[in-house]
Amino acid sequence: MRARRLYPDPSAPLAAGGLALPVAGGPRLDVDPGCTRCPLSRAARNPCVPAEGEPGGVVLVGEHPGKAEDAARRPFVGGSGKYLRELVARWWKGPVVLENAVKCFAAATAPEHVAACRPFLAATLDEAKPSRIVALGAAAWLSLTGRSTAPLTQRRAFCWHGDVPVFLTVNPAAAQRNRFVARDFEEDLEWALTAAPPFPSPRDLEWREVETEADALRAAAELRAAPWVSVDAETSGQQWTPGFRVASVAACSPSGDPCWVWGKEQIDDARVRAPLALLLGDPAVGKVGANIKSDLSFLGERIGPVRNVHGDVRLWRKLESPEASGYLEDIAELVGMGGHKDEMMAGVTLAEEAFRRRTRGGGKAQMSLVADGAPRPVHEPEDLAEQLKSGAEMKKFSYALVHRDLLLRYNARDAVAAAWAARLLGPRVRARDGLDRVWTRVVRPMSEALAGMEAVGVPVSVDAIDVFDAHLSTKMTDVRRRLDQYGKEFNPDSPKQVRELLFDKLKLRPPEDTETPSGLQSTAEEVLEELKGHHSAPKDILDWRALAKLKGTYCDGMRPHLRPDAAGLPRIHPSILPDGARTGRCSCVEPNLQNIPRTSTDEGKMARNIFAARPGWVMVHCDFAQLEYRIAAMLSGDPEMRAILDKGIDFHTGTAMVIAPYLWHVTYTDPGQVAKAHRDDAKTINFALLYGQGDGSTARKLHTSLAEAERVRLAVLGKFRLLAQWINRTTRESKLSGFSRTWWDGAPARWRPIYSLGDPDEGRRADGERRAVNSPIQGTAADFLNASIALVSDWIRDNAAPAELCLAIHDALLLHVREDAVEEVAWNVRRLMLSHPSSGIPLDVDVEVGRAWGSLSKIKLAA
DNA sequence: CGATCACGG
DNA sequence: ACGCCGTGATCG
């Protein structure tokens, strides 16, 4: 067993617990009116505004002098300066030094200005000998740490300047512009001036390399005694492919000290691996990780099943602060361990360069990746060069190439940062009203189910891809021939060239109010659609775009993701991200299977038919009918909405019946009479209400006048009185509190801050109001599906049902089911999806079955 | 790397 | 001016 420090060189730049700045021995640099280190000094009236105050207390570092500071040649004398001085006086009685990251007047700070000014800040710190430092905003943090950050969402981040804690807040100028930011800033500044850091400096922590079976037994015995264990793994290669490896596994107790690390050789050795496998599988020992869902599947496959997931710092962070980053490197800033990834990434860059050099030189060149050790990569995939040639990403393999010590130490820092973050975030999630219920009842069960879902993947037919490909290629050749008349070089994928062709060369008149935010004439579908009557070019361009999108994203885009399953047949394993959307919805990447075209066109059908059942099996699609409207009815308690739902009428049809006399001057007495076009328009209006769409936009979509759109909106809201009240009340409450809430089982659940509600700009405030209304609806609906994922997954496992849960798409589940079990599985999936508490509002689930996802037909199930 | 476009719910 | 939440391809 080798024991080493987590931070062997505390003076190394950018190391957590170390020093980012040169602090001693330099000349006095805190002021230089003749400074030419960056161009800012030329624009400033008084270059190099000096620091001000007395040493021995707190140093507050702002971003840069403003107009008032430039004129007075003193820091913090303008509006926000006075605001800051008053607040500081409230909470700090000792000496204060006021300084800026950039010492010349600037409209905005650029990283190069910060870099040029860093020696001045270093000199100030050297002289001020502070007991604490406050970084007032991103520029100050950048100067002090070398790292970028988002102060608004990275609340209460801190780090260490030697033994001196550095606390992050937003810039006081930002606080002055927004009352919700001000509220946070004042809380955080009080914390920064009065609190002790929640964790000590991590630089004396130790990591131990597990080398022998005896080491492994000792590590496991020590870890088993802990209340829970933080586990983190590093990998190399592409998951679901043969070259995929677990490169190392680190585990530590909540204290983080020591952190035990198994390298690849130890994982490959069954005797050294066994104690770790027993520990991971022990249901009596809780496991904590960062995005532990991704670790569950490969640890399960390569080491052994992981039981008892106690916490996930990424998901906890996203519950506690949905707008903040969920990356461990950012979460690490909350425990004073930020920057732990920088050293590793520097090693990765060196390793990748070394690999490229060596590959070019025929494999002869040496690898020398860090100065202090023998060049010893973790392992190198034998066929890496080949894999890279066939399109694999270097990034996914780079951890296999770095120096072994570097990787293992990084892995240890990850596990320790996760352990400490869990100690910070676990209590926060438990303390905040509602979050604990979402975590225990929805998110944790879902997260474990998602690991299984990703492992299953979606069955794919390569023949169907080829058929789709041939179909698209033929059509595209045809369209290209038509486009050639505008020039062989004409590129319809370039908005610039399309603009030039349509509006300069062909002199088509753009419709009114269709400029993009940057002031250019838009070439979006809507615009081209309008121009179709005047010339053939817009139509050709639209056709080309549609086909190119389909081919690039939904046809060719699927091929790189094909992986053979146990039977040798192709599947696609997308990543489902449980924290993908700020509302609580899952997102889906690599590839995104949540935006495959729908089946209303031939191309859509072909795109979805790529996902096809195996012989003897079928695809089963179960989707909540109009879930968001039902949620809106639930949240508002609206009796009219409920009446439509209670009657079992399609909700949009019901709405059409309500508004028909106003909009089309007809009166429907029976849902069966409602014209499809009227149902579609009602759907448009329902969407408009839930999303806060403006009347102008609704009018355009309904091809009617602004006045008419307003009349219809008011008519619907006049009928759905409680919904109208709920919208008003929700907006009002969010404007008071600055956040929105979702609901679960009759009580507030998720929490989302909406800072734009406090913005001075009216347009941004309106954005905030729309979010305040939409978030509770979208987020509450999301948890109905999230909870369904967990229930269905557990049911399949507990009943050993011949079924696979393949995909979750916002309000729907896609399953792969053995033909003879369809009735039973579908009936139970539907039953489980309908089992969530909905305050008496009836839910409905449509079930469709077919050989492939694009060829489904609805089935009726016993009640 | 931001902007634009296009696909889904 | 006026639609919420996403991912991905492509351009400049």
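Residue numbers start from 1 in every chain, and the chains themselves are labelled A, B, ... in the order their sequence lines are given, proteins ahead of strands.
The distance from atom CD of A:Glu710 to atom C1' of C:dC2 is 14 Å, rounded to the nearest whole Å. One interatomic measurement links the two molecules: NZ of A:Lys683 to C1' of C:dG3, which rounds to 15 Å at whole-angstrom precision. As a whole-Å value, the separation of A:Ile610 CD1 from B:dC7 P is 15 Å. Here the P atom of nucleotide B:dG8 and the NE2 atom of A:His810 are 11 Å apart, to the nearest Å. Atom CZ of A:Phe687 and atom P of C:dC5 are 14 Å apart (whole Å). Between A:Arg585 atom CZ and C:dC5 atom C1' the separation is 5 Å, expressed in whole Å. Rounded to a whole Å, the CD atom of A:Glu628 is 13 Å from the C1' atom of B:dG8. Atom C1' of nucleotide C:dC4 and atom CG of A:Leu627 are separated by 15 Å, given to the nearest angstrom.
A:Tyr554 is linked by a side chain to side chain donor-acceptor pair (under 3.5 Å) to A:Asn595, counting only residues two or more places apart in sequence or in another chain. Taking the side chain to side chain donor-acceptor pair (under 3.5 Å) definition, one finds that A:His816 meets it with A:Glu804, sequence neighbours left out. For A:Lys341, the side-chain contact (heavy atoms from CB on, under 4.5 Å) partners at least two apart in sequence or on another chain are A:Glu329, A:Met345, A:Tyr399, A:Tyr410. Every residue was checked against the ring pair (Phe, Tyr, Trp, His ring centres under 6.0 Å) condition with A:Tyr755, not counting sequence neighbours, and none meets it. With sequence neighbours excluded, the residues forming a side chain to side chain donor-acceptor pair (under 3.5 Å) with A:Arg480 are A:Asp484, listed by chain and number. In this view, A:Trp544 satisfies the ring pair (Phe, Tyr, Trp, His ring centres under 6.0 Å) rule with no residue, not counting sequence neighbours. Every residue meeting the side chain to side chain donor-acceptor pair (under 3.5 Å) condition with A:Asp846, not counting sequence neighbours, appears here in chain and number order: A:Lys858. For A:Arg771, the side-chain contact (heavy atoms from CB on, under 4.5 Å) partners are A:Arg752, A:Ile754, A:Ser756, not counting sequence neighbours.
Taking the six-membered ring where the residue is Trp, A:Phe651 and A:Tyr629 present parallel rings, their angle staying beneath 30° rather than reaching 60°.
Nucleotides C:dC2 and B:dC5, compared at atom P, are 14 Å apart to the nearest Å.
Listed pair A:Arg770 / C:dC4 meets the phosphate criterion, a side-chain N or O lying under 4.0 Å from OP1 or OP2. The side chain of A:Ser697 contributes an N or O atom lying less than 4.0 Å from OP1 or OP2 of C:dG3. Close to B:dG9, at under 4.0 Å from its OP1 or OP2, lies a side-chain N or O of A:Arg598.
Side-chain polar atoms of A:Lys396 and A:Gln239 form no donor-acceptor pair below 3.5 angstrom. Looking only at atom types and distance, the side chain of A:Ser447 has no donor-acceptor partner in the side chain of A:Asp312 under 3.5 Å away.
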Side-chain donor-acceptor distances from residues 574-582 of chain A under 3.5 Å, at least two apart:
| residue | atom | partner | partner atom | Å |
| --- | --- | --- | --- | --- |
| A:Asp579 | OD2 | A:Arg314 | NE | 2.7 |
| A:Arg582 | NH1 | A:Glu323 | OE1 | 3.2 |

When you check every protein heavy atom under 4.0 Å of nucleotides 7-12 of chain C, what one-letter string (B, S, -) results, 5' to 3'?
BBS-SS
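DNA chain B lies under 4.0 Å from no heavy atom of any residue of residues 751-766 of chain A. The stretch residues 772-787 of chain A comes close to DNA chain C through A:Asn774, A:Gln778, each having a heavy atom under 4.0 Å from the strand.
Across all strands shown, A:Lys701 has heavy atoms under 4.0 Å from base atoms, whether or not it also approaches the sugar-phosphate. Nucleic acid contact for A:Arg771: sugar-phosphate only, since backbone atoms but no base atoms lie under 4.0 Å from a heavy atom of the residue. Contacts of A:Arg499 with the nucleic acid, taken as non-hydrogen atoms under 4.0 Å apart, are absent.
You'll find that the side chain of A:Tyr554 is closest to B:dC7, out of B:dC7, C:dG3, B:dG8.
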